[in-house]
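Below is one structure, written out as structure tokens; comments come after it.
Here the structure is a predicted model, which is why all the values come from computation and not from measurement. Just so it is clear, the values below take in all heavy atoms, side chains as well, and ignore hydrogens, waters and symmetry mates.
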Amino acid sequence: MPLLAIPLGVLIGLALGALGGGGSILTVPALVYVLGQDPRDATTSSLIIVGVTSLIALVPHARAGRVRFAQGLLFGALGTAGSFAGTALSRSVAPNALLLAFAALMLLVAALMLRRVLNPAERSTLLDPTVEPMITLHPFSCACPRVAKVVVTATLVGLLTGFFGVGGGFALVPALVLALGFPMPTAVGTSLLVIAVNSATALTARITHTSSNLDWALIATFAAAAVVGSLIGGRIASGANPRHLTLAFAVLLIGVALYTAARSLSLLG
């Protein structure tokens, strides 16, 4: 069974490397439906896989100066409460109900991806962010609506990470661009740092408060394959049309979401 994790890890790593945010969301369905893991163990395993892959994918971005460590660590710290709350909430949800909610999340991600690709006005907004500081001390000023947006977004991303075992990059990149005024390449690089922080926080909460039966050989194989795939995906993205890649991945997400929903509903009934 760990050998089957190699092609799956490579495929998901390809998506993560080529598309950035949202690319790792297929990890949980792959672990559950192809590799036969329990949904709760799958979400915990996904945190490890996504966290490790994000940390390694972070290195080339950091070398190129596309990671703002102070803001990324602060954003991740703001999501700590959400990570712990999401982890606690996931323990009270039946496994099949958890997968049904995950299917809804995949449909939401697919819709956001399609909207970003098909709406030229939204793409132009993302490429021309505001760069004014949110808080200044001399003289004191506060862009409180933007501060509130950052706090709420960080908490929600942490909640998603803790509950579903996903990185939340699909929400992070737009948030870093629109709320913090990051250029798009910097937002992508910094989002990997935030994903790693959120994954570590949620994983700590799960290990501390829940008992998991993790298959470490499977996790290690999957993570290693995902890292290789992400490096290849980064090279593919440099020569491919990102619009076509995003459209294809959104269609794939919709298909997996519908399959997940159908399976979950049949078992709930």
Side-chain angles (χ1 to χ4, degrees), residues 5 7-35 37 39-54 57 79 82-83 86-87 90 93 95 98-117 153 156-175 187-188 191-192 194-196 198-199 202-203 219 222-223 225-227 229-230 233-234 237 242 245-264:
L8 289 173
V10 170
L11 287 174
I12 290 172
L14 282 170
L16 181 62
L19 300 170
S24 63
I25 197 171
L26 290 177
T27 304
V28 171
L31 290 171
V32 173
Y33 294 118
V34 181
L35 298 174
Q37 287 206 334
R40 288 197 178 94
D41 289 338
T43 53
T44 303
S45 300
S46 175
L47 288 172
I48 301 172
I49 294 166
V50 171
V52 169
T53 305
S54 298
S83 294
T87 299
S90 70
V93 177
L98 178 65
L99 288 174
L100 187 60
F102 197 90
L105 176 66
M106 285 191 283
L107 288 175
L108 173 63
V109 173
L112 291 174
M113 286 183 164
L114 290 173
R115 180 183 176 186
R116 193 179 306 168
V117 169
T153 303
L156 288 177
V157 172
L159 186 70
L160 289 174
T161 302
F163 189 78
F164 292 112
V166 299
F170 64 91
L172 271 171
V173 173
V188 172
S191 73
L192 293 170
V194 181
I195 289 169
N198 284 342
S199 298
L203 182 62
I219 291 171
F222 202 116
V227 167
S230 68
L245 289 174
T246 304
L247 282 172
F249 188 74
V251 171
L252 176 62
L253 270 185
I254 292 171
V256 175
L258 293 176
Y259 175 80
T260 302
R263 286 283 301 269
S264 302

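Scanning both residues, I49 and A223, for their nearest heavy atoms gives CG2-CA, 4.1 Å. In plain terms, the two heavy atoms of P95 and R40 that are nearest each other are CG-NH1, 3.6 Å. Considering all non-hydrogen atoms of both residues, A225 and A5 come closest at CB-O, 4.1 Å. Taking every heavy atom of both residues into account, S264 and L99 meet most closely at OG-CB, 3.3 Å. Heavy-atom minimum distance, A196 versus S54: N-CB, 4.4 Å. The shortest heavy-atom contact between P39 and V32 is CA-CG2, 3.9 Å.
Atom OH in Y259 sits 11.5 Å away from atom CE in M106 (nearest 0.5 Å). The CG atom of L35 sits 11.0 Å away from the CD1 atom of I219 when rounded to the nearest 0.5 Å. In this structure, CG on L31 lies 8.0 Å from CG on L8, to the nearest 0.5 angstrom. To the nearest 0.5 Å, atoms OG1 (T27) and CG (L11) are separated by 11.0 Å. Interatomic distance, CG of L192 versus CG of L172, reported as 9.5 Å (0.5 Å rounding). Expressed to the nearest 0.5 Å, how far CD1 of I254 lies from CG of L258 amounts to 7.5 Å.
Residues passing the side-chain hydrogen bond (donor to acceptor under 3.5 Å, both in side chains) test with T53: none are found, sequence neighbours excluded. Listed by chain and number, the residues in a side-chain hydrogen bond (donor to acceptor under 3.5 Å, both in side chains) with T260 amount to none (sequence neighbours excluded). For the side-chain hydrogen bond (donor to acceptor under 3.5 Å, both in side chains) test, no residue two or more places apart in sequence or in another chain qualifies with Y33.
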**OP:** Show your working on side-chain contact (heavy atoms from CB on, under 4.5 Å) between L26 and F249 and close with a plain yes or no.
**Re:** CA-CA 10 Å; L26 290 177; F249 188 74; 3.8 Å; yes

Subject >> Audit row: F222, I48, side-chain contact (heavy atoms from CB on, under 4.5 Å) steps and yes/no >> reply: CA-CA 10 Å; F222 202 116; I48 301 172; over 6 Å; no

**OP:** Applying side-chain contact (heavy atoms from CB on, under 4.5 Å), run through T43 and L47 and close with a yes or a no.
**Re:** CA-CA 6 Å; T43 53; L47 288 172; 6.0 Å; no

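The main-chain N or O of L159 is never found under 3.5 Å from a side-chain atom of S83 such that the two would form a donor-acceptor pair.
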